[in-house]
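Take a look at the structure set out below.
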Amino acid sequence: MHILVVNGSPKGKNSITLQTVLYWEILHPEHTFEYLHAGAQIRYLEKDFTKALDALEKADLVLFSYPVYTFVVPSQLHRFIELMKAHPEAVQGKYCAQVSTSKHFYDITAHRFIRDNCAEVGMRFVDGLSADMEDLTTAKGQKEARDFFASLIWKTEQGIADPPGAPPAPAKHVPVTPATSISAKTGNVILVTDCGPEDTQLQAMIDRFCASMPLKTTVVNILDFPIQGGCLGCFNCAVDGTCIYQDGFTQLLREKIQKGQAIVTAFTVRDHSKGYRFKLYDDRQFCNGHRTVTEGLPMGYLVSGDLSREENLRMVLEAEPQVGGNYLAGIACDEVDPDGEIDAMAAKLFYAITHQYQQPANYYGVGGRKIFRDLIWEMQGLMRADHKFYKAHGMYDDFPQKHWPKMCAMYLVGAMLANPRLKAKMGGKMTEGMLMPYQKVLNKARAAMQQGQKP
Ligand SMILES: Cc1cc2nc3c(=O)[nH]c(=O)nc-3n(C[C@H](O)[C@H](O)[C@H](O)COP(=O)(O)O)c2cc1C
């Protein structure tokens with residue numbers, strides 16, 4: 001079988017993910033492997049895609065090899081997918097698969113991104129391997145890699161693949177009614193967009209939001225900003241947060257966007273995502289490492305497109321503020337009732353700003369942050385800026401081993417339950433016992449209310 005490896009890592013041959021593919025190549029001389037370093041050569045491919053087209057046409061199996069970058073794939077690979085999709089005839093009916101390495105932080109949304117886009121151009125999606133970045137260095141990881149490759153080849157040869165996806169239906173937009181601003185406003189809500197001149201629907205949504213929002217909204221259009229390139233994964237920023245690029249993006253981020261009272265992101269759905277330009281923007285925020293620098297700021301989205309059909313994108317939109325510690329005031333879309341949704345989002349955002357309203361993180365946030373916490377703890381020697389931030393913000397405080405009183409209490413209860421006589425005596429008191437700390441809170445609130453002191 002002739003396998004075309006599309007290496008989406010900007011690190012090219014130095015990609016960790018690629019090492020797994022090289023491992024397969026060593027073990028399987030019966031197959032031929034061809035490499036297209038799309039991540040490292042994207043500028044060249046943007047100018048001339050013929051080399052890529054020739055390689056895609058020759059392939060029996062297209063294997064995307066990439067690191068997970070900020071919930072999805074690196075911006076360079078996103079751009080490659082965009083270019084590939086402009087030539088569906090080159091890949092239609094072809095088998096494809098993917099291998100990624102990461103710390104498993106939102107690897108699922110990255111894999112779905114590749115899958116949705118490949119399905120859209122009629123490729124037959126076979127399978128995916130999402131490995132931890134260190135897996136290949138362990139015997140278990142090597143076995144998993146070998147087993148995956150064997151099953152991948154078997155499935156491809158047997159033709160066990162997803163059917164090609166249905167062509168996308170044309171997006172339907174409900175027109176937005178212009179709203180007029182009542183008076184001069186103060187405040188600093190930041191709206192970040194990639195709205196181009198042809199994107200009249202998104203522009204109408206932005207205008208309505210700006211009019212509806214009681215605070216002044218400053219629009220930052222990232223199309224106007226000369227972003228020199230995508231994150232290179234070079235880790236130049238790890239120690240002190242300084243990006244290798246000197247295009248002013250870090251300043252724009254830190255001095256303008258992050259200084260807002262709330263951040264709204266406005267985009268049109270493209271490639272089952274926020275689109276390539278926003279991917280560039282999202283990846284470049286790696287100069288903030290894993291630091292939740294906008295924690296507490298409310299957020300919102302204005303989305304033009306069929307969001308109801310994009311469950312993967314919705315997960316990304318909901319997870320981003322969760323992980324960042326931001327209250328999501330809403331996602332206003334133009335599918336059904338854009339006027340109502342935009343106005344409601346603006347009102348909720350205003351409420352959140354004026355009441356400093358926040359919510360506890362859900363699974364997306366708690367799970368994601370724990371992955372980061374463990375990673376930064378382990379890599380504290382290198383990721384110094386993150387480590388310093390995590391220490392200062394108590395982000396290591398929830399390590400289970402630090403909860404000694406609770407752990408001792410659990411040992412005690414466990415020992416009691418292991419004794420049949422004590423267990424019988426305790427009867428159904430277990431759940432009652434667990435309520436004790438909560439009852440303390442209720443009693444305290446009751447007492448405060450009785451004394452006329454509302455908490
Ligand atoms: C800009 C950037 C964003 C990243 N985003 C994620 C992420 O969202 N989830 C994750 O688990 N790892 C993330 N990582 C870690 C990489 O996925 C991981 O280091 C990967 O193994 C690198 O592979 P490569 O050497 O093939 O490029 C990110 C790394 C960088 C530089």
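Whatever order the structure lists them in is the order used to number ligands and atoms, beginning at 1.
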Handout entry: Heavy atom of the protein closest to atom 18 (C) of ligand 1 (residue, atom name, distance)
Key = M133 SD, 3.9 Å

Handout entry: Residues T70 and K279: side-chain donor-acceptor under 3.5 angstrom
Key = yes

Problem - Heavy atom of Y106, distance to ligand 1 below 4.0 Å - result: no

Practice task
On the 0 to 90° scale, with breaks at 30° and 60°, tag the H78-F113 ring pair as parallel, tilted or perpendicular.
Solution key: tilted

Handout entry: ligand 1-proximal atoms of F71, by part, heavy-atom distance under 4.0 Å
Key = backbone

Problem - Which of the ligand 1 atoms, numbered from 1, are nearer than 4.0 Å to a heavy atom of H104 - result: 11 (O)

Practice task
Tell me whether the centres of the aromatic rings in Y44 and H37 are closer together than 6.0 Å.
Solution key: no

Practice task
Using distance alone, determine whether D283 and ligand 1 share an N or O pair under 3.5 Å.
Solution key: no

Problem - Mutual orientation of the aromatic rings belonging to H31 and H28 [parallel < 30°, tilted 30-60°, perpendicular > 60°] - result: tilted

Handout entry: Residue part near ligand 1, for C231, under 4.0 Å between non-hydrogen atoms
Key = side chain

Problem - Atoms of ligand 1 close to S9 [distance to a heavy atom under 4.0 angstrom, numbered from 1] - result: 24 (P), 26 (O), 27 (O)

Completion exercise
Within 4.0 Å of some non-hydrogen atom of G233, the atoms of ligand 1 are 31 (C)

Fill in the blank from the handout: When distances are taken from atom 6 (C) of ligand 1, the protein heavy atom at minimum range is V68 O, 3.1 Å

Fill in the blank from the handout: Min over F105, Y69, F372, F235 of heavy-atom distance to atom 30 (C) of ligand 1 lands on Y69

Problem - Close side-chain approach of F389 and M395, heavy atoms under 4.5 Å - result: yes

Completion exercise
Counting from 1 in the order shown, the ligand 1 atoms closer than 4.0 Å to a non-hydrogen atom of K103 are 10 (C), 11 (O), 12 (N)

Problem - Contacting atoms of ligand 1, where contact means under 4.0 angstrom from a heavy atom of T70 - result: 3 (C), 4 (C), 5 (N), 6 (C), 7 (C), 8 (O)

Practice task
Taking atom types as modelled, find out whether Y95 and E157 have a side-chain donor-acceptor pair closer than 3.5 angstrom.
Solution key: no

Completion exercise
Within the 4.0 Å heavy-atom cut-off, what K11 brings close to ligand 1 is side chain

Exercise for the section: Evaluate the ring planes of Y281 and F278, with Trp represented by its six-membered ring, and classify them as parallel (under 30°), tilted (30 to 60°) or perpendicular (over 60°). Expected result: perpendicular

Handout entry: For ligand 1, the portion of F286 having any non-hydrogen atom under 4.0 Å away
Key = side chain

Practice task
Quick one: sort the Y106 and F71 rings into parallel, tilted or perpendicular, breaks at 30° and 60°.
Solution key: tilted

Exercise for the section: Ignoring hydrogens and angles, state whether a donor on the side chain of S9 or N7 is under 3.5 Å from an acceptor on the partner side chain. Expected result: no

Problem - Identity and distance of the protein heavy atom lying nearest atom 20 (C) of ligand 1 - result: T101 OG1, 3.4 Å

Fill in the blank from the handout: The protein heavy atom nearest to atom 22 (C) of ligand 1 is P67 CB, 3.4 Å

Practice task
For side-chain contact (heavy atoms from CB on, under 4.5 Å), just list the numbers for V189 and V264, CA-CA rounded to whole Å, side-chain angles, deciding distance to a tenth of an Å, and then say yes or no.
Solution key: CA-CA 8 Å; V189 171; V264 176; 4.3 Å; yes

Practice task
Check the side chains of D334 and Q201 for a donor-acceptor pair under 3.5 angstrom, ignoring hydrogens and angles.
Solution key: yes

Practice task
Ignoring angles and geometry beyond distance, decide whether I16 reaches within less than 3.5 Å of ligand 1 through its nitrogen or oxygen atoms.
Solution key: yes

